[in-house]
Amino acid sequence: MDGRGRWYRSSWFKRDTVDDKLRLPIDFVRKCWGLDNAVAASMLWHRGKDKIGEIGLYILPGRGVKLDYNFKGEPVETLIRFAYSAQNLGGRRAWWVCPDCGRRCAVLYGGPRFLCRKCAGVDYYRTQQNADPLTAIDNKLGRLRRRLGVRDGNTRGGVPFKPVGMHWKTYSRLATEYVELQRRWDDIFRDQVGRLVGY
């Protein structure tokens with residue numbers, strides 16, 4: 001606990017990241033083998049020179065992909081369905097349908113089963129970095145600085161000038177958020193320094 005009643009995850013409690021799992025992107029499958037023809041293929045994953053995973057893929061046109069693999073010595077066979085969405089300029093985009101929650105996703109992550117990121121319980125690496133409140137605020141401030149065009153000399157009293165072409169309502173909302181985040185960053189930094197020096 002950090003003294004304000006909030007819990008931070010310690011390093012031993014962090015979830016796996018997307019880089020720790022076998023990734024199965026639907027775009028890769030579509031480009032290599034297509035989704036409209038019956039195809040039997042295999043897919044390998046390597047980390048450096050070591051093979052870390054292998055699955056058999058059986059594309060069933062209009063239905064999905066049957067995956068055949070071993071997990072910790074146990075054979076697993078499962079069907080992952082396709083879904084399609086219309087694109088603005090014509091055509092359609094293919095998606096996986098997560099076997100657990102049924103939501104559409106572009107990438108499945110392997111383990112005992114191939115699931116969407118949420119059902120597989122994996123985070124992005126950057127999300128885990130953001131467990132530190134100052135890093136999280138820095139990232140938000142960086143996005144706001146780019147959006148507001150903040151550079152040296154174009155602020156007054158810590159408030160950035162309105163960019164040309166931005167609506168006043170949008171500018172007011174972003175500038176208020178920018179000033180509030182700056183204030184929170186200063187408060188947290190002061191609090192952390194105070195704890196370090198024993199205040």
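Using a cut-off of 4.0 Å between Lys/Arg side-chain N and Asp/Glu carboxylate O, Arg184 and Asp138 are scored as not salt-bridged. By the 4.0 Å N-to-carboxylate-O rule, Asp187 lies close enough to Arg183 to be salt-bridged with it. Salt bridge annotation for Lys118-Asp100: absent, with no cationic side-chain nitrogen under 4.0 angstrom from a carboxylate oxygen.
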* Start with the C-alpha gap between Ile59 and Val29, add the side-chain angles, then the distance that decides, and say whether side chain to side chain contact (heavy atoms under 4.5 Å, CB included) holds. => CA-CA 9 Å; Ile59 297 171; Val29 173; 4.2 Å; yes
* To do: Verify side chain to side chain contact (heavy atoms under 4.5 Å, CB included) between Trp45 and Lys51, making sure each step is shown before the conclusion.
  => CA-CA 6 Å; Trp45 286 269; Lys51 183 174 90 170; over 6 Å; no
* May I have the step-by-step check of side chain to side chain contact (heavy atoms under 4.5 Å, CB included) for Leu24 and Leu67, ending in yes or no? => CA-CA 11 Å; Leu24 183 61; Leu67 303 180; 4.0 Å; yes
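Residues Glu54 and Tyr69 share a closest heavy-atom pair of O-CB, 3.7 Å. Taking all atoms of both residues into account, the shortest heavy-atom contact from Pro61 to Ala38 is CG-N, 3.4 Å. Of all heavy-atom pairs between Leu22 and Phe114, the closest is O-CE2, 4.1 Å. In terms of heavy-atom proximity, Pro160 sits nearest to Leu148 at CG-CD1, 3.6 Å. Contact detail for Arg113 and Pro99: the closest heavy-atom pair is NH2-CB, 3.7 Å. Nearest heavy atoms, Ile137 versus Leu181: CG2-O, 3.7 Å.
Contact check for Val65 versus Trp96: side-chain heavy atoms found under the 4.5 Å cut-off. Looking at heavy atoms from C-beta onward, Leu144 lies in side-chain contact with Leu174 at the 4.5 angstrom threshold. Inter-residue side-chain proximity for Phe28 and Met43 is flagged as met; some heavy-atom pair is nearer than 4.5 Å. At least one side-chain heavy atom of Arg147 sits under 4.5 Å from a side-chain heavy atom of Thr170. Two residues are said to be in side-chain contact when any heavy atoms from C-beta on lie closer than 4.5 Å; Ser85 and Trp95 meet this criterion. Under the 4.5 Å side-chain criterion, counting only non-hydrogen atoms from C-beta, Leu79 is not in contact with Tyr58. Annotation: side chain of Val97 is not in contact with side chain of Phe82 (no heavy-atom distance under 4.5 Å). Looking only at side-chain heavy atoms (C-beta outward), Leu108 and Ile80 come within less than 4.5 Å of each other.
Trp33 and Leu60 fall into different hydrophobic clusters, where Ile, Leu, Val, Met, Phe, Trp and Tyr are joined by side-chain heavy atoms under 4.5 Å apart, directly or via other members. Under the 4.5 Å side-chain heavy-atom criterion for ILVMFWY residues, a single connected hydrophobic cluster contains both Ile26 and Tyr84.
Atom CG of Leu57 and atom OG of Ser42 lie 8.0 Å apart (nearest 0.5 Å). Atom CZ of residue Arg92 and atom CG of residue Leu35 lie 8.5 Å apart, to the nearest 0.5 angstrom.
Phe189 is linked by a ring pair (Phe, Tyr, Trp, His ring centres under 6.0 Å) to Trp185, counting only residues two or more places apart in sequence or in another chain. In terms of the ring pair (Phe, Tyr, Trp, His ring centres under 6.0 Å) criterion, residue partners of Tyr171 (sequence neighbours excluded) are, by chain and number, Trp168.
Surrounding CZ of Arg145 are more than 12 heavy atoms belonging to other residues, nucleotides or ligands, all under 6.0 Å away. Annotation for Arg30: atom CZ counts as buried by contact number, over 12 foreign heavy atoms lying within 6.0 Å.
Between the side chain of Lys162 and the backbone N or O of Met166 there is at least one donor-acceptor pair closer than 3.5 Å.
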